[in-house]
Each structure stands twice: as structure tokens, then as C-alpha cells.
Amino acid sequence: MGDEDLSAYFHMQYKQKCLPLLRKLRLTEDDTPSPFLRFQAKKKQVEQMQKGLEVKEEDFRERMKVITCQWRDLHAKEAQLKTHMEESGKTLKENDKMRIQALKKAIRERENKMQKESELLRAKGKLEALRNKHQKLCNRVQKYSIFNKYLEDVVKISQFEEIREVISRYKTLVRMHKDLLQSQQRHKEMSEQAKVLLDEYMEEKEAEILQYKNELVQLQLRFDQAQSDIPSWETRWADIQNTTAKKTQELGTIKLAILNLFQCVSTQLKANLNVPVDDSHRQLTMIQQFIQDLTDISMEVKRKDVQNHHRASIPPEL
């Protein structure tokens with residue numbers, strides 16, 4: 001505790017103990033025999049109070065020292081406890097970590113053990129299979145031992161000196177036989193394939209020949225039809241020639257008539273129009289223009305005659 005706490009403590013002690021004594025002294029002032037005696041009594045009381053306060057203050061300071069020591073010890077214990085808690089936390093974490101590691105290690109060991117047991121079971125299975133195979137081979141050797149005696153007898157009566165030469169010769173013959181069979185099979189397959197291709201080619205060519213025959217028949221029919229149509233076409237050609245001659249004659253007559261009309265128009269106009277003799281189209285255009293002009297003149301003359309007749313029919317004014 002600091003100076004502020006001490007001041008507050010003494011202030012509280014003053015309120016609780018000094019003030020009541022002072023009030024008591026005021027109440028007893030009127031009973032004292034004289035001011036000096038009252039002063040002496042008050043001074044004595046104040047000194048007693050001062051001594052009491054000093055004793056209490058000393059006790060308070062001693063208590064405060066004890067409390068301060070206790071407080072310091074408490075802080076030290078708290079720091080120790082905190083350190084111990086931190087160390088305990090670290091220890092617990094390390095223990096948890098070690099426990100997790102031990103658990104993982106146990107799991108790995110168990111997995112390795114299971115894997116090894118599985119491998120052992122597979123190895124036992126393979127060993128049993130090998131034993132069975134060995135037994136079968138032994139049985140087969142025992143079964144075929146008679147052929148060994150047979151091969152020995154073959155060597156004695158043949159040109160071969162050892163059994164493995166006989167076996168080698170046999171394997172060579174078997175291989176040659178197999179090659180011959182494969183060659184025959186290949187030739188058979190090739191011949192079948194060639195036969196299939198030949199059949200397809202023959203079918204294709206037969207289809208083409210049939211198509212050509214059909215086309216030839218069609219062409220022959222068209223030729224016969226053309227031969228039968230020749231007289232009619234010749235007749236039609238003669239008719240066309242006759243018609244053409246008539247049309248040509250008519251065209252010459254029309255051109256001559258157009259030329260005569262054009263000459264008449266030229267004579268009436270008393271002008272040289274400089275139109276070629278064989279240009280019937282321009283001549284006809286000039287004739288058409290001349291006729292249009294005559295028509296316009298005739299219409300104008302008729303209109304004037306009507307106007308004159310109308311004037312003549314109106315009586316003169318009086």
C-alpha cells in the first residue's frame with residue numbers, strides 16, 4: 001500500500017476516534033474549574049491521543065510491513081505457480097506429442113505386422129503351390145521314366161549317340177512340321193482370299209457387262225427409232241424449206257412494197273431522204289412518220305372546217 005492508502009486510513013481513524021473525543025471534551029468544558037486546568041486536561045488528552053495514534057500507526061506500519069511481505073510472497077508464489085503451470089502445459093504438450101508419436105508408431109508397427117503376416121500367407125501359398133507343382137513334376141517324371149528306357153534302346157539301334165540328340169532331332173522335326181502346317185494354312189488363307197477377290201472381280205465385271213448390254217440395247221432402240229424417224233424428218237425438212245421459200249418470197253414482196261411506198265413518200269415530200277434501198281426497217285419508219293403527219297394534218301383541217309362551219313351557222317348580231 002502507498003501514501004494515499006495511509007492518509008485514507010488515518011483520516012478514517014480520526015473520524016472514528018478523535019472526533020468523538022473532541023466532541024466529548026467540548027461537552028465537558030463547562031464543568032472544568034478554570035481555563036488553565038481545562039487547557040492542561042485537553043493537552044493531556046491530546047498527548048494521550050497522540051501517543052495512542054503513534055502506537056496505532058506503528059502497529060499499522062508493522063501490519064503493513066507484514067502485509068507487504070505477504071503480498072510479495074504471494075506475488076512470488078503466483079509467479080512460481082504461473083511458471084509451474086507453463087512448465088506443466090509444456091510437459092502436457094510434450095506428453096501428448098509423445099503419446100501421439102507412440103500411437104502412430106504403434107499403428108505403423110501394427111500395419112507392418114499385418115503386411116508381413118499377409119506376405120507370409122502369400123509366401124506360404126506360393127510355397128504350397130511350388131510343392132504341389134514339384135509333386136506333379138515328380139509324378140510326371142516317374143510316369144515318363146519308361147520313355148527314357150525307350151530312348152536308350154532307340155540310341156542303341158540308331159545312328160544317334162545320345163538321348164539329347166534324339167530329342168533335338170524330334171524337336172526339329174516338330175518345328176518343321178509346325179512350320180509346314182503354318183505355311184499350308186497361310187497358302188490356304190491366301191488362296192481363299194484370292195478366290196474371294198476373284199469372285200468379287202467377276203461379279204463386278206459381270207455387272208458392268210450387263211450394264212453395257214443394257215446400254216447397247218437402249219442405243220440400238222434409239223438408232224432404230226432414229227432410222228424410222230428419218231422419212232418424217234426429211235418430209236418436215238422439205239416442208240420447212242418450202243415454207244422458208246414462201247416466207248422469203250413474201251418477205252421480198254413486202255420489202256418491194258415498202259420500197260414503193262417509200263419512193264411515193266419521197267416523191268410527195270420532194271426530198272432525198274438518203275435511206276439505203278435494203279434498209280426496209282428505216283423505210284417503214286419513215287413511211288409511218290409520213291402517215292402520222294398526214295393524219296395530224298387531216299385532223300387539223302377537219303378541226304378548222306368545223307370551226308368555220310360553226311362560225312357560219314351563228315347569225316350576225318343586229
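Salt-bridge formation is detected for the pair K205/E208: a Lys NZ or Arg NE/NH1/NH2 atom is positioned less than 4.0 Å from an Asp or Glu carboxylate oxygen.
Inter-residue side-chain proximity for E117 and L121 is flagged as unmet; no heavy-atom pair is nearer than 4.5 Å. Side-chain contact check for V66 versus Q70: some heavy-atom pair is nearer than 4.5 Å. A 4.5 Å side-chain heavy-atom check between K82 and E78 finds every atom pair outside the cut-off. Between K77 and L81, every side-chain heavy-atom pair lies at or beyond the 4.5 Å cut-off.
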Task: Stepwise side chain to side chain donor-acceptor pair (under 3.5 Å) test for R122 and S118 - done: CA-CA 6 Å; R122 286 197 298 269; S118 178; 2.9 Å; yes
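Legend: residues meeting ring pair (Phe, Tyr, Trp, His ring centres under 6.0 Å) with H75, ordered by chain and number and at least two apart, are W71.
Within a 6.0 Å radius of CD in E119, more than 12 heavy atoms belonging to other residues, nucleotides or ligands are found. Other residues, nucleotides and ligands place no more than 12 heavy atoms under 6.0 Å from the CZ atom of R222.
Tested against L198 for a side-chain contact (heavy atoms from CB on, under 4.5 Å), the candidates M202, K195, E200 yield a single pass: M202.
Annotation: ring pair (Phe, Tyr, Trp, His ring centres under 6.0 Å) contacts involving residues 173-225, sequence neighbours excluded, are absent.
At least one donor-acceptor pair closer than 3.5 Å links the side chain of T253 to the backbone N or O of Q249.
Q218 and N214 share no side-chain donor-acceptor pair at under 3.5 Å.
Expressed to the nearest 0.5 Å, how far CD of Q184 lies from CD of E189 amounts to 12.0 Å.
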